[in-house]
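Here's the structure, in structure tokens; my notes come after.
Order of the sequence lines fixes the chain letters, A, B, ..., with proteins taken first and strands second; residue numbering starts at 1 for each chain.
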Amino acid sequence: MGGSARSEIFASLRKTGRGETQENVQRERLSLGSAPAPEPPATEVCEAFILNVLKNQGSVDCVSNRSEAVQAIAHYLYAHFHNYRLVTGNDSRLGAMPWRDAGVLPRFGSLEAGEPVALSYARLGVVETGAVVTWTGKATPAANNFLPKHHIVLVDKNDLVLTMEKAWERIHHAFEKTGRARGINFIAGPSSTADIEAELVYGAHGPHRWHVVLLGDVPVDARNIASAAGSDQT
Amino acid sequence: MEQRRDTFIDNASAALKNLKQAERRDIIASFAPQIRAAAIDSFEGFGDLRSHVKKIRQHSLDNLDYYLSQFEKEAVHNGNQVHFARDGEELNSVVLDICQQHDARRVAKGKSIVTEETGLNSFLQSAGLSVMETDVGEYIVQQAGEKPSHIVTPVLHKSADEIRELFQEKHDLGPRDLHNTSDLVVEACNVLREHFLQAEVGIIGANALIAENGYCMLVTNEGNGDLCANLPKVLIVCTTIDRVLPRAEDATAMSRLLARSATGQPQSCYTSFYSGPRREGELDGPLETHFVLLDNERSNTLASNYREILECIRCGACLNHCPIYTSVGGHAYDSVYPGPMGSVLTPLLTSLEQSHLLPNACTSCGLCEEVCPADIPLPDLLRDLRHDESTKKLSAPRWRYGLKLHSWLARHPSTYQALTAISIGILYRLGRKRGGFSKLPFGSGWTSQREFPAPQEGTFMKLYKAEIKQNNGR
Amino acid sequence: MNEQYHDHSHPAQRMRVSLFVTCLADLFRPSVAFASIKLLEQADCEVTVPLQQTCCGQPAYSSGDYDATVPLAQQVIGLLEAADYVVVPSGSCAGMICHHYPKILQGEWRDRALKLAAKTFELTAFLNDIAHIEPQHKKPSSTLSVTYHDSCAGLREMHIKEQPRQLLRQLCGIEVNELEKSEVCCGFGGTFCAKMPEISGKMVNDKLDNALATGAKVLTGGDLGCLLNIAGRAQRQGEEIEVRHIAELLSGDLDTPPIGEGP
């Protein structure tokens, strides 16, 4: 049955299709160019990214190095849970972090029932949407994005891209080496729903808190924006 | 789609009498356009983006055979099984076959309008499967035994109180009173979390299929679709053949339009791309993945004058802005697709005979076209459907003949002007005292809701010709 | 065809304007057409009114009877195409001529439709954007509280938004008291209001409520269809709001009783 459905559908599509050669179709698509993207809310990349993350109801810490990153995560964990436990994928970049210096006790693997916090190391941050991008792999289970109550995401300043078009360039480039990942997630905020009387509620099926740790040489102005917003959050 | 009977006017009448729901619809009608406008006003290039995506969509549909086969090839390369279904019945049985091959008992579903269209849930349930909708709104609708009233926000027709009562009836709440809206959300999600963890099959829809890399795009705010895509052993993506776009960047360009138009967001919380089963060494993800691609009249629509409706991105903006949709609500349309886009799509997916009132639920006000991010000329398509209705003689004879008579008269100016001068003269004399009529022969539609204002003394043509005569005589 | 023209004035160099009266003004409110002539003459135009005109064909067209519409469109084109400008005191009839005739006609007729479309204007757009109209009295100022209903076709097909407001300010010293949701349909929709009366009734009621909420004494607008609809609802509800066409207000005609109110 499947075979005949397929051939029947393609036969009727060919009737309306232009029957162009692959070359012509691709040439025409190329001639249409790329889509316009919205202007970032600030000229400096970090500042623009942080503003959009905040708009998405995320909170942001800016840190200069891995040691500060661990400290900031420890601080976040203690402030919310009075302990230092989290779950994180078996990512070599995360494995090499100086966790002990701040007393953080990571469990490497996939989040299980009862574990409230997961940390992901984003491949990219997208300025345009204030989103972080992860893709699935041995060290990056998707469950860690969607099952925790709090999702902490570490992103390198060097991995910030302006638009989604730039994000795809980087993704396709990365996949040339590794092959295509099973899943790619652009995450822009804690999970939410407005299904009941149009009242916005954070924390539907996914995390109800989303915390981004921006790692690298972040300008002072951008840091100030992040910390000013942070002070009214907790 | 199931056989339907066109009961729009009766449904609308009942809906207008439900004042509580009408009040909630009025609130949405004020609120939704505001958040959309704010999002679009802050994006200067929105108009250019809209034209760009329109061109991409047209190009994709012009070459759909090419892109669909490219998608199929890439999706298979990514490890998926790709199935085609000519109609809803075929889609349903493909999905049931897959479930049965895995001895599945439980299915977790992300939001998918296409499977609403095919009636998949009841089909699987009648085969003994437990099927759970996991979008909070869809879950509530399912528990209430109702149908979605909106393509984006399915349960806005229900109040929080009604939902609370529903949960009190269906869930074991103990002493919990679910006082706040957030309590209701948490309650639904807790019940659903269990189901996610036990389901053997996840079913999701797709906002787009990407030809160049074989991924589907899934746009959600709750994250339920992602749980469906990542937790169960088997994933089935159900969508229609017209969703294919050439490139990944085309899908995200479309999502720029979609999120802003639907909810006023620059991006929904989760924009995800999936293709294929768990790769070696991965800790989670389905072991087997399927795409089921449905035609159900899309290829016929593509060949028709209505092909632009296939460019619809299902944002719901035309519903939120349509004064008729916001007056009567989604259920009045008795279709999976309500509002302006639905009034075009429903007759094409069923038949005009079954749905010819829907294209008449339109004042040609043009607001839907103005806000449509896909730039679909909805009022033109609706009028063209009324043209088909007229050609097929489906409209009420008194209307058809009345309009024919009017056109004939209007083409014969002398007769027209003589007749109108007499009738207006009579109307003037009858109505001049009261200023209007509360009843008129052949005018009950008008006078059921409003007075018919009395005309002035004499038609313009009569007065004007008299004036000319007088001037010439001077 | 035996076409009769009535010249209101003769000087050279003046813009030659044909007035398309519209069937609703012809039948129910001739004062709109007379006011339009007065305004156009005030703007120094030479006005002709082709006497064979009846209806633009919208009722048949909106109901999908394109076959019945085509000969009417051709009739209107034949009557109006000789003028320098065509002015219509209705956004929806102007929209019909400008946007819909070219859609349903082909070949030579389509070309003629496009030519006609290029010189056809809704009344307030013509007075504000093309012609130059001076207030008859200097420094007009008015305490009349007026709200304006944007008709859908005027707004979206003919882009009429600022023109009537600007003219009310300039000619009458009136600042429009804006009603909420001014860009939402009033529920008239041609045959819609009779085909789906209950829905139409809800829509016109919302419109009337928004108009009443402004506290304005007069509701005006550029399309008689909408105005008859709103006036009829106000009458039914016993609401005291005067409904008048914009041409009447602009020409200073406040003596004619408002729509639906006897002498």
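Taking the charged nitrogens against the carboxylate oxygens, B/Arg164 and A/Glu197 have no contact shorter than 4.0 Å, which rules out a salt bridge.
Partner A/Ser34 forms a side chain to side chain donor-acceptor pair (under 3.5 Å) with one of B/Glu249, B/His52, B/Arg247 and no other, that one being B/Glu249.
Side-chain atoms of B/Arg86 do not come within 3.5 Å of backbone N or O of A/Glu8 as any donor-acceptor pair. Not a single donor-acceptor pair under 3.5 Å links the side chain of A/Arg182 to the backbone N or O of B/Asn230.
Interface residue A/His172: only side-chain heavy atoms are found under 4.5 Å from chain B. Contact annotation for A/Pro190: only backbone heavy atoms (N, CA, C, O) come within less than 4.5 Å of a heavy atom of chain B. Using a 4.5 Å cut-off between heavy atoms, A/Ala37 contacts chain B through both its backbone and its side chain. Within the 4.5 angstrom heavy-atom criterion, no atom of A/Tyr202 approaches chain B.
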| request: Evaluate the criterion side-chain hydrogen bond (donor to acceptor under 3.5 Å, both in side chains) for residue pair A/Asn185 and B/Tyr274; output intermediate values, then yes/no. | output: CA-CA 9 Å; A/Asn185 303 118; B/Tyr274 293 107; 3.0 Å; yes
| Are A/Arg29 and B/Tyr67 close enough, and set up right, to give a side-chain contact (heavy atoms from CB on, under 4.5 Å), and what steps lead you there? | CA-CA 11 Å; A/Arg29 170 60 195 89; B/Tyr67 283 122; 3.6 Å; yes
| message | Before you tell me yes or no, could you show the steps for B/Asp226 and A/His205 under side-chain hydrogen bond (donor to acceptor under 3.5 Å, both in side chains), namely the whole-Å CA-CA distance, both residues' side-chain angles and the distance that decides it to 0.1 Å? | response | CA-CA 9 Å; B/Asp226 293 284; A/His205 293 286; over 6 Å; no
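With sequence neighbours excluded, the residues that form a salt bridge (charged side-chain N to carboxylate O under 4.0 Å, His left out) with B/Arg50 are B/Asp375.
Side chains of A/Thr140 and B/Glu282 form no contact here, defined as non-hydrogen atoms less than 4.5 Å apart.
Contact residues of residues 143-153 of chain A toward chain B are A/Ala143, A/Phe146, A/Leu147 (heavy-atom distance under 4.5 Å).
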